[in-house]
Structure formats: structure tokens, C-alpha cells
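Have a look at the structure below, then the notes.
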Amino acid sequence: MTTVTNGVNVQALLDAREALKKSPEAAQFVWRASSKWQNGVHTTITVKDFYGLGEERAHKSESVFQADHPEVFAADDNGITPIEYLLVGLASCLTAGVASVAQNRGIQLRSVEATVEGRHDIRGILGADPDVRNGYNDIKVTFNIDADASREEIEALVAQSQKRSAVFDALTNPTDVTVEVA
Amino acid sequence: MLERGEVANSWRRERWDSLRLLTPNWQTRLPGFPYQGSDPDGYMTVAEVTEFIERYAAFSRAPVRTGVNVTSVRRADDGYHVTTSQGEIRCRTLVIASGACNRPVVPGLSEGVPPEIEQVTPFDYREPGRLPDGGVLVVGASATGVQLAAELRRSGRPVILSVGEHVRLPRVYRGRDVLWWMDVSGVWDQRYDEIEDLTRARRLPSPQLVGTPERATLDLNTLTGMGVELVGRWAAVRDGSALFSGGLRNMFSLADLKMNRLLGTFDEWAVTHGRDAEVGPVERFEPTRPPASPRLRIDLRGGEIRTIVWATGFRPDYSWLHVPVVDDKGHLRHDGGVVTDSPGMYALGLPVLRRRRSTFINGIEPDAREVIDHLARHLGLPR
Ligand SMILES: Cc1cc2nc3c(=O)[nH]c(=O)nc-3n(C[C@H](O)[C@H](O)[C@H](O)COP(=O)(O)OP(=O)(O)OC[C@H]3O[C@@H](n4cnc5c(N)ncnc54)[C@H](O)[C@@H]3O)c2cc1C
């Protein structure tokens, strides 16, 4: 148990869980991104500040993302499409979950790889068929995990990571979204 | 002993017609009062449970005062001041045994349901014939939800079952009732102070079990086979439609993995306790079959759904308890039935009160003994 080193500070997370049970206000976080239109369908997004544990905070450094469309959409392809960012979020969130749960359960990981595929009928966004939705029809995540654990234990890691995943929840359950002009 | 209704009131007033206990008869025992009928492996009907408890009341000569409703309990100098429909009572100690399932839980979502849809809880529900014809959406896939979904489907109605986290169990494992395994292997004797996540254990939904003479398993595969449509956890109502979670497959994985881990502990117990030869061979069950593409949205105004059955659990009612010992989720704060924040106050009959067994009728004996020991010490009585 003590020799497991997945690099996740589980004790800190468990301590935080106990502390936040008593002060739910501190558990309220606000995550932010700001975007700036470049040209065509190319947008630059920056992420740095957020709010949490009762005060304004910031990442160590700013992250900058480019979003565009591929050339088959007659665009310049300066970056990945917005809907691909959802896959980025899902894969990273589930992987972080696998590592945390493994650490907590004393399972040593050697490698964790995932491929994420979202099936998307673009007739929806093009308005070509009103019965087709805009978003993904479905998403499939396939994990390849090498760890000191049985297949059942690995499946349980993956199940538990979905159970506690923010992005999995955000994608599988509806969220109230407000969009307004400032 | 004050009882607002009659002896066995919850069994007389708050159960549907077809209900049978999910615990086998030999487990339906009260202190000094085992099951003595001819069908130890069967499951009692509601009428039989009522009769069993009535006979126990006579056998134990418990001083029950029926028709006395407790409307308020307050702290007094050296104990409690109890107001009832029949007058005031002062007492030094008080045992709250008012039940864990006084009210059905109905989520806030229900407020967004269009008025033309009839909504019922397990307390209103009696039998399928009393519901309007047409489709039924059963919300919740624990014991109540799977039982009502099956019965409504058998009545010929289209049934959709919204499935969140659940506990899957086969009725019979290796030839023995699965609750025999819980009982003998020590799972039910696990003490509350040994359980890692007690809050979770106390909130665990009831297992997908039904008591029938055939001892049939009633899991989600059975329901799918009957033509019940499975959808994910009901997440929201938007523009007159119910929106269901897309996380259904993981609900299945969690329940299948958990069931298999539990069956594994039974297998291990049978080997280490030399019982392996007396039970059947090790079994594993088909994983829960996911629907090809579970529906994420159902229009509640289109007429497909005429009735919603909320099988979303039960909660205790402490509206009469005017002592600050109830947490913000409506649960009594207690340490194994001892309400430590209010000396002289005790509780019995709550889920995992002192052990996993506490959730069931047969758990009362050791719980009552230990809690009453504490109470007697509090009063300075010799034991
Ligand atoms: C649908 C359902 C199915 C169940 N199936 C099983 C099963 O198969 N096997 C099993 O072991 N357990 C089962 N249980 C759990 C079972 O109810 C308990 O194990 C057991 O009946 C609890 O008994 P109790 O006396 O603690 O509570 P209850 O049976 O709820 O009795 C509490 C009593 O207190 C009275 N009361 C409440 N408030 C007041 C007040 N303010 N003033 C006066 N009187 C009051 C009520 O009228 C009631 O008679 C089931 C529960 C439900 C809801």
C-alpha cells in the first residue's frame, strides 16, 4: 500500500473532503475561460483565473487554446474544433479519476491510455435535417490500463472514476446554460 | 409505548397490496419469537407480517397505548416533555422507534411535471388497476421500483424505468437465498463503527429483490425481458420533456462489479468455513444488458406517459421532535442509537443503526439489547 506511487496526493484530497463537509461555502468554485475571435471560425481561448476556497485564484501560468475547423469545412485549421475540446475534457477527467482512485485503493499504475470517439452527424449543425441533433450522438471511451490489479479491479477503477467525474456528469446530464450579451 | 395508529401500523397503512417481505420467513424473528410456520424459505405477505407483529405484541406484553399521536417532544430539566393527542407525559428517557420510512421521498423534479400526468408514491399506490390506463414511468430501481415496474408491466401497461444507482442481487445464489449468505457470512453483522463510509452505508438503496413463491430473481435483465424500457437517472424537466442521464451503462457496471465482489466474499467464506460442499457450484450472472440506445428525452406532454410512480426512497419524519438532534438532511444524529447530543434520548429501527442487520426486522434484537443497556446505565439501574 505505502509503496504505490501514482503521484496523486490522496491524503490531501481526503482531508479536503472532510474540511469541506463542514464549510460548504468554501467548496463553491467558479471556472472561467475567455475567448477572442480571430478570423473566420478561428478563436483563441485563454484560461488563467478561477475562484475557489473563498477567494480569487489563478493557475501558475495562462493556457492558450486555438479552436478552428478543419479544411474539409473550408476553414484554415488553426486548431481543433470546439466539440473536440469536449473529448479532451472527458479523457483527461476520467484519467485523473483513474489515477486518484488507484492511489486511494493502493493500486500501482504503469500506464493508462484512453481513446475517445464521439460520433457526430453534422447534418444537425448544418441545418440539413431538423431531426438530427447538433451534438454528439454518442461517445465511446476505451481505456488501456497496465496496473498491478485484476481485470475486475481495473474495471472498478474505471467505473468509480466515471462516478466521480465532473466532465462525465456535465456531458451525460443536462446543465442550465445562460448566454447573454453584456 | 405510544403508537399513533394500531400495532403494526406501517404494515396496515403504508404498503401496497401485492407486497411480500424480501427477507425469508426464517429471518423474520423478533426477540424470543422465531418464525414457527411451515414455510421457512417463503416470504410473508403484508397481512402475515401484520399478524406476526400483533402476535408478538401479545407475546411480549408490551404496554402499547394505541391511538396516541406524539405531536411534540421537548427537553425538560431532567428528561423530556412529551405532548400527545391524549395529553402530556414527562419522562427521563425516550426511545425514538417511529420508523425510518415515514414519508416517501419525491424529488423536486416532480414540480415540473405537467398537471395532466398523475403522480403517485408507494404510499398512494395499491395495485395497477387503480392507475389510469396507458404508459407508466417508474422512477427508481431499488426494491420498490423494480417490484412495481414488473407488476405494472404484467398488467399490460407500457413501462419505462428510470435507473440510478442501485444494488443488484440474485434471489438465490448457489442454491441458497442470497440473504442466507448475508446472514451467515457475517456481512450483516458488520458493526457501524467498523464500516469505512457509514454515511454511505446508511443511505444505501434497498437491493433489487422480491419475495415470491418461485424465488425468482428480479434484476434489470428480468425487467428488460418482460419488455420494460430502461432509461438513465432522471436529471431534469425542460420544455415539457423529461431528460435522462446518459450515464446508464456505468450504473450497470457499478452494480454488476459490486454484486460480483459480494458473491466473491461469499465464495471465500464458504471455503474458509468448510461450507463449500454443502452449497451449489460457484455461479456468475450475465452482466446487465444495456439497451441499444437508451432514450435521453421523453416528451411528457405527448400522452405516452399517463402516470409517474416515484419509487425514490423513504425518509423519517421528525417534525414533532423539538430537540436539535436532526441534521440538515433530516436524519437523526446518533452514535449507534445513542443520541449523544441529548442525554437520555435513544433511537432504534434505523438503517445500519449498530450493524448492517439493523435495517431489517431481524436486526432489532442485538440493537435493542445494546441500546437499552446504555439507557439502563443512564438511569443508574442495575443490569
Ligand atoms: C416498502 C418496505 C418494505 C420493507 N420490506 C422489508 C423486508 O422485506 N424485510 C425487513 O426485514 N424489513 C423490511 N422493511 C423495513 C421494515 O419496515 C423495518 O425493518 C421494520 O418494519 C421497522 O419497524 P419499526 O417498528 O422500526 O418501524 P415502523 O414499522 O415504521 O413503525 C413505526 C411506528 O411508529 C408509529 N409512529 C411514527 N410516528 C409517530 C408519532 N409521532 N406518534 C406515535 N406513533 C408514531 C407509526 O405509526 C408506526 O407504527 C421494509 C420497509 C418498507 C418501507
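Every value quoted in this text rests on a predicted model; they were computed, and no experiment measured them. Per chain, numbering begins at 1; letters A, B, ... match sequence-line order.
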I need the contact set between [range] and chain B: heavy-atom distance under 4.5 Å, sorted by residue number.
range                       : answer
residues 140-163 of chain A : A:Glu152, A:Glu155, A:Ala156, A:Ala159, A:Gln160, A:Gln162, A:Lys163
residues 25-60 of chain A   : none
residues 170-182 of chain A : A:Thr172, A:Asn173, A:Pro174, A:Thr175, A:Asp176

Does atom [atom1] ([X]) have a neighbourhood of more than 12 heavy atoms from anything else shown, all under 6.0 Å?
X        : atom1 : value
B:Arg295 : CZ    : yes
B:Arg333 : CZ    : yes
B:Arg174 : CZ    : yes
A:Gln66  : CD    : yes
B:Glu111 : CD    : no

Got a second to check how far A:Asn137's CG is from B:Ser293's OG, nearest 0.5 Å?
->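 A:Asn137 CG to B:Ser293 OG: 9.5 Å, rounded to 0.5 Å.
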
Which of residues 246-261 of chain B have a heavy atom under 4.5 Å from any heavy atom of chain A?
-> B:Gly246, B:Gly247, B:Asn250, B:Ser253, B:Leu254, B:Leu257, B:Asn260, B:Arg261

